[in-house]
Structures are given as structure tokens and as C-alpha cells.
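Read through the structure below, which is laid out as C-alpha cells, and then see the notes.
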Amino acid sequence: MSEKLSFVAPTANSPWGTYLSQVDRVVPYLGPLARWVETLKRPKRALIVDVPIEMDDGTIAHYEGYRVQHNMSRGPGKGGVRFHPDVTLEEVMALSAWMTIKTAAVNLPYGGAKGGIRVDPKKLSQNELEKITRRYTSEIGIIIGPHTDIPAPDVNTNGQIMAWMMDTYSMNVGGTATGVVTGKPLHLGGSLGRVKATGRGVFVTGREAARRLGMDLRGARIAVQGFGNVGSVAAELFAEAGAKIVAVQDHTGTIVNSNGLDLARLIPVANKEGVVAFKAGGDIVPNEDFWNVACDILIPAALEGQITAERAQKTTAKLVLEGANGPTVPQADDILAERGVLVVPDVICNAGGVTVSYFEWVQDFSSFFWDEDEINVRLDRIMMNALNQIWDTADKHKITLRTATYAVACERILMARQERGLYP
Ligand code: GLU
């Protein structure tokens with residue numbers, strides 16, 4: 001009998017609550033390994049740190065930071081760092097757990113971890129951003145490392161922030177430890193293809209799902225929520241394949257154009273000022289209307305909990321590609337399944353980023369760097385193999401792709417757990 005965690009009280013649609021319900025759904029498919037399932041329902045280790053910095057105006061500000069190592073049965077912890085004003089320990093716990101499932105689903109030799117700082121980075125100067133990153137890295141330095149836990153970019157973090165993290169960690173250990181973070185700039189042991197990898201993985205899995213559904217990508221209408229590194233890259237690749245991007249939503253609002261938005265013009269504007277600034281290219285509509293837009297494919301590529309029961313009821317999409325982590329709440333998952341909408345779950349759909357992170361880490365250790373073609377060919381192969389295996393599992397048990405992904409991943413994790421045994 002296990003005690004409940006004292007430091008989190010998840011609700012049904014909260015990220016950790018969503019994750020727990022996803023684990024509960026896989027238990028019937030785990031056979032004798034179900035004995036170990038409680039392992040997945042609690043993080044191995046969670047660190048809360050105070051991050052004080054001197055602001056440009058001379059005041060001292062304190063921020064709350066986290067690093068959660070959910071599971072390390074199959075290898076070092078792996079997962080991004082998020083800077084966002086709404087980050088909480090509970091959210092980081094869920095995100096770290098989804099990394100455990102994700103790395104196992106695509107069979108990378110990693111566990112799952114995640115970090116974050118509760119801050120709005122848009123309100124910081126470049127100097128303050130560097131200070132907060134370095135102090136946070138130093139605080140979590142006691143648990144991260146190239147062989148223990150390897151951070152990477154996530155929402156609102158990028159190559160420059162990874163460079164500061166790598167430098168801070170390296171200064172503290174007295175060397176140059178390129179393998180301590182991934183998603184670094186190319187000059188510092190970064191990998192070709194990493195920036196576009198997550199969006200590319202969404203495209204590769206989405207193209208295969210569309211093929212299996214008999215959906216022609218030429219002329220397919222796509223709605224994209226979140227137009228950062230994931231959403232905009234996926235949109236571009238789908239547009240190249242002949243699809244029409246009919247709606248895009250970001251933090252500034254929602255733009256729609258049933259003839260297809262001109263991405264070559266939208267992307268530069270969106271990167272600078274947000275999608276609403278591109279009003280000449282489409283109609284600006286209230287944010288809730290995004291979910292009613294007539295479309296064939298829906299790509300949530302923003303934050304958790306976006307596809308609620310009500311929105312799942314409304315969407316006209318036949319295929320949902322989860323570029324974000326945890327965008328669909330469990331009740332909405334059931335509604336989409338009942339309505340015959342196919343969901344390619346986050347833990348496979350957006351695994352392209354961590355897959356190329358793995359390539360980066362391997363290249364750093366071998367000090368031998370691959371060309372972009374080699375990276376993309378290997379990435380596509382890993383994503384396709386994983387998707388095909390999950391599809392077969394879903395067909396065999398007549399379950400959703402999400403539960404099938406959890407079945408494949410949890411078997412790998414819990415088998416490793418069982419083989420390692422309990423210490424002492
Ligand atoms: N933040 C990304 C994710 O959610 C990438 C993590 C990584 O590369 O380690 O999968």
C-alpha cells in the first residue's frame with residue numbers, strides 16, 4: 001500500500017491529474033509488470049530552488065525554480081526547461097513524467113526530467129535573463145550533469161539560454177561539459193536539425209497518420225494553436241506538402257483565412273510581433289472561435305489543457321497532432337475517440353525534439369558531427385518505427401494511440417525497473 005503524495009493535489013484536468021489518468025488507462029495492458037506501476041505515479045526526485053537576482057534597477061528579485069527527475073530507470077533524466085509565469089511544481093512534475101513516457105516510446109536510452117522557472121521572460125532585460133538562467137543552473141547544478149540529467153529548451157527558452165546553462169555548469173565543474181544540455185548553438189556542440197526537429201517530427205507522424213486515414217494532404221485544411229518553434233515549423237512543412245493553413249492562434253490572438261494563410265509572409269511578422277500583426281493576410285477572430293474553424297487537421301502546439309471536453313465536441317478535425325505536451329484533457333480524449341477523431345499523442349508526435357537532442361548528446365560525446373541529411377534520415381526512421389509499432393499495438397488491443405504508446409513505453413520502463421530491482 002503506498003501513501004499519496006503530500007505536496008500535490010491534482011484535479012481531473014490539471015497536468016498531473018491528466019498524466020495519472022493516462023497511466024491508469026494502461027494498467028490492464030501491463031500484465032505482471034503492473035506490480036511496478038506505482039513507480040510511474042511519483043517523481044523520483046524533485047528540487048525547488050530560490051533564484052534571486054539583482055535587477056537592472058538595483059532591486060533584488062526572487063523567483064521560484066524547479067527541476068524534477070521523474071524516472072531514471074532506462075538512463076539519465078532528459079527534458080527541457082520552461083520559463084513561464086504560470087509554471088508550478090505540479091506542472092513540471094507532469095512534464096517530467098511525459099518525458100519518461102516519450103523517451104521510452106521512441107526508445108531513447110533516457111529517463112524523464114523537466115525544469116522551469118516561474119517568470120515572465122518577456123519582462124526581463126537580456127542581462128536579467130542571463131542572470132536568472134545562470135543562477136538557476138547553479139542551483140540545480142547539484143542534480144544535473146551529462147550522465148545524470150540533461151536539460152534542453154522548452155517554452156520560452158532557446159539556444160542562447162542553453163549556452164549560458166552549459167557555460168555556468170562548465171565553470172562550476174572546471175571544464176567544458178558540452179553534453180550537459182542539448183539544443184545548444186552550433187558553435188558550442190549543438191546539432192544541425194535540432195531547432196526544426198520537433199516540428200519536423202509532428203509533420204512526419206502527421207503525414208503517416210493522414211496516409212493511414214486515407215486523407216490527402218494536398219488541400220487539407222489545418223488549424224495550428226501556438227506558433228513558436230513547433231507550430232510554425234510543422235505548418236511550413238505541411239504547407240510544402242500542399243496543405244492549407246486556415247487558422248493560427250498565438251499569445252496575441254487568432255487569425256483565419258479559409259483560402260490558406262501565406263506563411264512566407266506570416267512567419268516573419270509572427271516571430272516579431274505575433275500573428276495578429278498580420279491582419280492584412282486574414283481575419284482576426286475571437287480566440288474561442290479558433291476551435292470552430294472548419295479544418296481537417298488540428299495541431300495544438302502551445303500549452304497543456306487546451307482541448308477541453310467542450311472544444312473536443314466542437315472541432316471538425318479528423319486528425320489531431322499534439323505538438324504541445326499534454327494539450328488534451330482525459331474527458332476530451334474520450335469524446336474525440338467516440339467521435340472517430342484520431343489523436344497522435346504528444347509523447348510520440350512531439351518526440352522529434354528529444355530525438356535530435358539525443359543525437360546532439362551522442363555527437364558531443366564522440367566529438368564527431370553529422371550532416372543534416374544524416375540527422376533527418378535517422379530522425380524520420382526513429383519516428384516512423386515508433387509510430388508503426390504503436391499503431392500495431394493499438395490495432396491489436398483496439399485501444400487509442402495514446403494508450404498504445406503508454407503500453408509500449410511503460411513496458412520498457414517497468415521492465416528496466418524490474419530488472420534493476422529495488423535497492424537496498
Ligand atoms: N522540451 C522538449 C520536449 O518537451 C525537448 C526536450 C529535450 O530535448 O530534452 O520534448
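Note that ligands are numbered from 1 as they come in the structure, with each ligand's atoms numbered from 1 the same way.
Taking every non-hydrogen atom of Val354 and a distance limit under 4.0 Å, the qualifying atoms of ligand 1 come out as 7 (C), 8 (O), 9 (O). Close contacts of ligand 1 with Gly79, meaning ligand atoms under 4.0 Å from a residue heavy atom, involve 9 (O). Atoms of ligand 1 lying under 4.0 Å from at least one heavy atom of Lys114, given by number and element, are 1 (N), 3 (C), 4 (O).
When non-hydrogen atoms are compared, ligand 1 lies under 4.0 Å from the backbone of Pro153 (N, CA, C, O) but not from its side chain. Looking at Asn325 against ligand 1, only its side chain comes within 4.0 Å, counting heavy atoms.
Note on Arg118 versus Asp86: no salt bridge recorded, every NZ/NE/NH1/NH2 to OD/OE distance being 4.0 Å or above. Under a 4.0 Å N-O distance rule, the pair Arg221/Asp296 qualifies as a salt bridge. At a threshold of 4.0 Å, the pair Asp334-Arg25 counts as salt-bridged, since one of the basic side-chain nitrogens sits closer than that to a carboxylate oxygen.
At a 4.0 Å cut-off, not a single heavy atom of Glu360 sits close enough to ligand 1 to count as contact.
Residue Val320 forms a side chain to side chain contact (heavy atoms under 4.5 Å, CB included) with just one option from Pro345, Cys349, Pro300, Pro327, and that option is Pro300.
Residue-to-ligand polar distances keep Met99 apart from ligand 1: every N/O pair is separated by 3.5 Å or more. Close N/O approach between Lys102 and ligand 1 is found [any backbone or side-chain N/O within under 3.5 Å].
Between His397 and Tyr29, the ring planes are tilted. Angles from 30° to 60° get that label.
Sorted by first and then second residue, the side-chain hydrogen bond (donor to acceptor under 3.5 Å, both in side chains) pairs involving residues 141-156 (not counting sequence neighbours) are Arg67-Asp149, Gln69-Asp149, Arg82-Asp154, Lys114-Asp154.
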